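What follows is one structure encoded as structure tokens, with my remarks underneath.
A, B, ... follow the sequence lines: proteins, then strands. Residue 1 opens every chain. The figures that follow rest on heavy atoms only: side chains count, while hydrogens, waters and symmetry mates do not. Worth saying up front: this structure is predicted, and the values here are computed from it rather than measured.
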Protein chains: 2
Amino acid sequence: MAQVNSHFALDKAGPPLDPVPEKSKRFDLEARTPEAAIVTIADVARHAGVAASTVSYVLSGKRSISSETRDRVQDSVRALGYRPNASARALASNRSNVLALVIPLRAGMHVPVLMQFATAVVTTARRYDHDVLLLTADEGRSGLERVSQSALVDALVVMDVELHDERVPLLRELPMPSVLIGIPADTDGLSCIDLDFFAAAEQCVDHLTDLGHRSIALLGTPSAVYERQTGFAARTLAGFQAATARRGVVGIETPCEPAFDAVLDTVEDLLHDHPGITGLVVQNEPIIGPLLDVLRLLGRRVPEDMSLMAICADDVAERHVPNLSSVTLPADDIGQRAVEMLIAKLEGGQTEAVTLVPAQLVARASTSAAPGVHARTTA
Amino acid sequence: MAQVNSHFALDKAGPPLDPVPEKSKRFDLEARTPEAAIVTIADVARHAGVAASTVSYVLSGKRSISSETRDRVQDSVRALGYRPNASARALASNRSNVLALVIPLRAGMHVPVLMQFATAVVTTARRYDHDVLLLTADEGRSGLERVSQSALVDALVVMDVELHDERVPLLRELPMPSVLIGIPADTDGLSCIDLDFFAAAEQCVDHLTDLGHRSIALLGTPSAVYERQTGFAARTLAGFQAATARRGVVGIETPCEPAFDAVLDTVEDLLHDHPGITGLVVQNEPIIGPLLDVLRLLGRRVPEDMSLMAICADDVAERHVPNLSSVTLPADDIGQRAVEMLIAKLEGGQTEAVTLVPAQLVARASTSAAPGVHARTTA
DNA sequence: ATGAAAGCGCTAACAG
DNA sequence: CTGTTAGCGCTTTCAT
């Protein structure tokens with residue numbers, strides 16, 4: 001399947017590239033956009049022979065307009081290439097139509113997943129005619145205060161929530177709606193949405209236990225994530241502990257750093273201290289590849305000798321060999337719903353709500369009956 | 001080093017988590033921000049006993065103010081918790097202090113690198129008192145038109161540039177400055193910055209050739225990236241071809257999809273068709289792990305049997321075993337400089353400029369003399 | 001169904 | 001060094 005030769009599509013496409021592209025003509029101010037004059041609503045009104053307010057109402061649809069004038073106005077809008085000025089609109093209407101997205105760029109966070117959330121947020125926001133302002137989490141409280149008190153944005157989406165997040169009290173007080181992706185310890189007065197990580201861990205444990213595994217380890221996120229008491233990691237850990245206790249099986253938990261050597265050390269120590277382990281639950285996407293390598297290196301076949309459950313996006317689970325049994329992390333869905341909650345709040349509908357997206361387990365090729373146990377149906 | 005037990009930091013931190021956090025009190029409008037009334041510049045002026053314009057000038061520093069009144073104004077600002085309204089300021093000054101960042105979310109792009117660019121852009125923008133609006137590349141031309149013509153942003157940073165990018169003509173015409181991260185075929189009238197990928201590929205080839213390798217393959221990005229004629233991939237390919245020709249060694253190029261099976265197929269075919277290959281240049285971060293696995297699987301040791309050069313960020317090169325000889329992709333630096341170019345343009349200084357960041361090769365553990373060749377010094 | 005007019009909160013001439 | 005004033009372009013009463 002893989003083409004091995006030098007016939008890239010590129011090769012068919014014109015002359016070879018210069019190593020350094022040449023640069024010619026000077027910057028020519030006169031040459032660009034001859035009529036760069038800004039088109040205002042007044043220009044449109046004049047062109048259509050109506051009042052400015054009429055143009056405004058045609059555009060917003062906030063009052064009924066005779067189809068005749070509406071057409072005329074719309075023609076003028078097109079003819080003049082009119083675009084409402086965002087600042088003027090925001091100033092007059094007290095709405096910027098911009099959402100802030102607070103994204104973590106901290107130690108231990110897995111970037112592709114974050115990006116999936118971000119993409120869903122941007123895409124959904126655009127569907128509701130909003131744009132997205134990108135804030136990094138290290139701006140902390142002051143960043144939130146800044147963008148909200150200056151009315152730069154209408155609402156906030158906050159990711160990477162810690163159990164006792166310093167931003168939570170602030171969010172309660174800010175004069176604008178917010179939605180957290182992630183669930184803090186005290187959700188009073190807040191709107192939050194996230195995967196039900198507690199249940200996700202429980203389902204992993206139940207699945208493995210049903211398959212006869214009696215000793216199960218949670219290979220978690222890097223320790224920095226736990227130390228910050230990041231909500232999703234803490235809730236997964238709690239669910240894992242609760243489920244292993246409930247099912248009466250041995251549960252061992254350990255964080256893991258995303259580097260081959262760290263994975264090797266962690267797994268070797270784990271298997272040395274607890275040789276009976278036959279089931280692994282992994283909540284740490286970047287270590288999955290190395291982990292599979294390490295298990296191979298140590299002579300443990302997956303799933304014959306070691307069953308593996310992951311908490312990750314479906315495409316990640318299906319990218320590995322063998323395909324991983326997993327609990328899905330539906331980042332698209334969560335990001336989309338977060339924005340929809342926010343839009344609802346902006347429109348005065350919904351107030352607060354804590355939404356736990358149900359965990360859903362998909363059994364693939366990385367889990368099977370524990371060694372020496374006959375296969376049996378999962379409850 | 002790896003702690004294998006159940007004593008997470010979390011366990012010391014209070015009572016166990018409920019599976020589902022309870023939610024109590026209702027939304028209480030009265031309870032929040034008792035004096036939510038908005039503080040305007042007029043309020044500050046009154047409080048300080050000066051004119052509104054004086055407050056404005058104190059804040060902007062655009063004219064000299066007696067230290068006495070300045071202090072008084074600043075006290076009032078603090079006392080009242082005043083924050084300038086962003087829309088009003090933008091409307092009056094014709095500056096939103098927001099940059100647009102167009103980020104690709106297309107097939108084949110490696111997310112962590114993108115995020116590194118994005119982070120650098122946001123961080124640097126904040127240093128210059130700007131915020132960043134996130135646009136996805138699939139909004140295409142219309143997205144750029146929308147945010148610029150509505151004056152939502154002052155300037156644009158555009159990533160993921162194709163050689164014949166449809167947005168380039170538009171950027172030339174838009175009434176606001178832009179900087180491309182990536183270099184199109186025709187850079188006339190544009191400001192661009194990127195790593196010198198042509199030279200990066202050349203250096204890889206030179207390094208391997210100096211080590212005695214006579215047959216070298218480029219394992220490139222997924223084919224979709226070439227088909228779009230994405231600038232960085234095309235330039236790397238061109239550099240690779242130029243350098244292998246110049247050095248009189250065999251050069252083979254192939255795209256590669258980021259999945260284990262695809263890597264296996266590609267490498268097997270490659271080695272089958274060109275058994276003499278002893279040097280590999282990889283421009284495809286996500287396949288590096290799988291590639292190392294595949295080589296091991298096929299019994300080729302790195303670097304004894306096969307030398308490996310990567311074009312990637314340093315931390316990636318150092319995360320693998322063996323550490324990879326690489327040409328650095330300095331995303332932070334490029335992102336930062338892109339913003340600085342933009343700020344310079346906004347301040348009327350610099351106009352256009354094409355900046356090729358010099359490629360820099362770091363030899364690590366994945367390259368060595370070709371089999372049967374005695375080590376010799378690299379030119 | 002449409003117009004007229006009053007701001008939204010700020011900046012930047014223009015006057016001292 | 002400071003105050004006065006005229007907008008920036010739009011939305012939204014208030015009229016009709």
Side-chain angles (χ1 to χ4, degrees), chain A residues 36-74 76-77 80-98 129 148-154 175, chain B residues 36-74 76-77 80-98 129 146-154 175:
Chain A
I38 223 161
V39 180
T40 74
I41 201 172
D43 299 325
V44 177
R46 204 173 310 120
H47 187 274
V50 297
S53 59
T54 300
V55 177
S56 176
Y57 283 119
V58 166
L59 261 35
S60 71
K62 286 189 181 172
R63 78 180 183 192
S64 49
I65 303 279
S66 74
S67 57
E68 193 186 1
T69 51
R70 179 175 40 243
D71 290 348
R72 204 141 35 83
V73 167
Q74 285 170 340
S76 299
V77 165
L80 302 182
Y82 169 68
R83 293 270 189 176
N85 178 297
S87 315
R89 178 175 273 190
L91 180 57
S93 67
N94 207 21
R95 279 295 184 85
S96 67
N97 272 33
V98 175
D129 196 32
S148 58
Q149 292 177 15
S150 68
L152 231 190
V153 305
D154 294 335
Chain B
I38 223 160
V39 181
T40 75
I41 201 172
D43 298 326
V44 176
R46 204 172 309 121
H47 186 274
V50 298
S53 60
T54 301
V55 177
S56 176
Y57 285 119
V58 166
L59 262 34
S60 70
K62 285 189 182 173
R63 77 181 186 192
S64 50
I65 302 281
S66 75
S67 58
E68 195 185 0
T69 52
R70 180 177 37 244
D71 291 348
R72 205 142 33 85
V73 167
Q74 285 169 340
S76 299
V77 165
L80 302 183
Y82 169 69
R83 293 271 188 175
N85 178 297
S87 315
R89 176 175 276 189
L91 180 58
S93 68
N94 207 21
R95 280 294 185 85
S96 67
N97 272 35
V98 176
D129 197 31
R146 184 172 57 78
V147 298
S148 59
Q149 292 177 14
S150 68
L152 230 190
V153 305
D154 294 334

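- C:dG9 atom P lies 9 Å from atom CG of B:D43, rounded to whole Å.
- Distance, A:N85 CG to D:dT11 C1': 13 Å, rounded to whole Å.
- The two atoms that bring B:R89 and B:P84 nearest to each other are NH2-CG, 3.3 Å, heavy atoms only.
- Within residues 52-65 of chain A, the residues approached by DNA chain D to less than 4.0 Å at the level of any non-hydrogen atom are A:S53, A:S56, A:Y57, A:K62, A:R63, in residue-number order.
- Across the protein-nucleic acid pair, A:R72 atom CZ and C:dT2 atom C1' stand 11 Å apart, rounded to whole Å.
- Nearest heavy-atom pair across B:L152 and B:S96 is O-OG, 3.1 Å.
- Nearest approach of B:D154 to B:N97, heavy atoms of both residues: OD2-N, 2.7 Å.
- Here B:S66 reaches the OP1 or OP2 of D:dT2: one of its side-chain N or O atoms lies under 4.0 Å away.
- Straight-line distance from the CG atom of B:L152 to the C1' atom of D:dC10: 14 Å, rounded to whole Å.
- Residues of residues 88-95 of chain B having a heavy atom closer than 4.0 Å to DNA chain D, listed by number: B:L91, B:A92.
- For A:S76 against A:H47, the heavy-atom pair with the smallest separation is OG-ND1, 2.7 Å.
- Inter-residue side-chain proximity for A:N85 and A:T40 is flagged as unmet; no heavy-atom pair is nearer than 4.5 Å.
- The shortest distance between side-chain heavy atoms of A:I65 and A:Y57 falls below 4.5 Å.
- Looking only at side-chain heavy atoms (C-beta outward), A:V58 and A:V77 stay at 4.5 Å or farther from each other.
- Taken from CG in B:L80 to CZ in B:R46, the straight-line distance is 9.5 Å, to the nearest 0.5 Å.
- Rounded to a whole Å, the CD1 atom of A:I38 is 14 Å from the C1' atom of D:dG7.
- Closest approach of A:V44 and A:V73 over heavy atoms only: CG1-O, 4.3 Å.
- A straight line from CD1 of A:I41 to P of D:dT12 spans 11 Å, rounded to a whole angstrom.
- Within the nucleic acid shown, A:T69 comes within 4.0 Å of sugar-phosphate atoms alone, with no base atom in reach, counting heavy atoms only.
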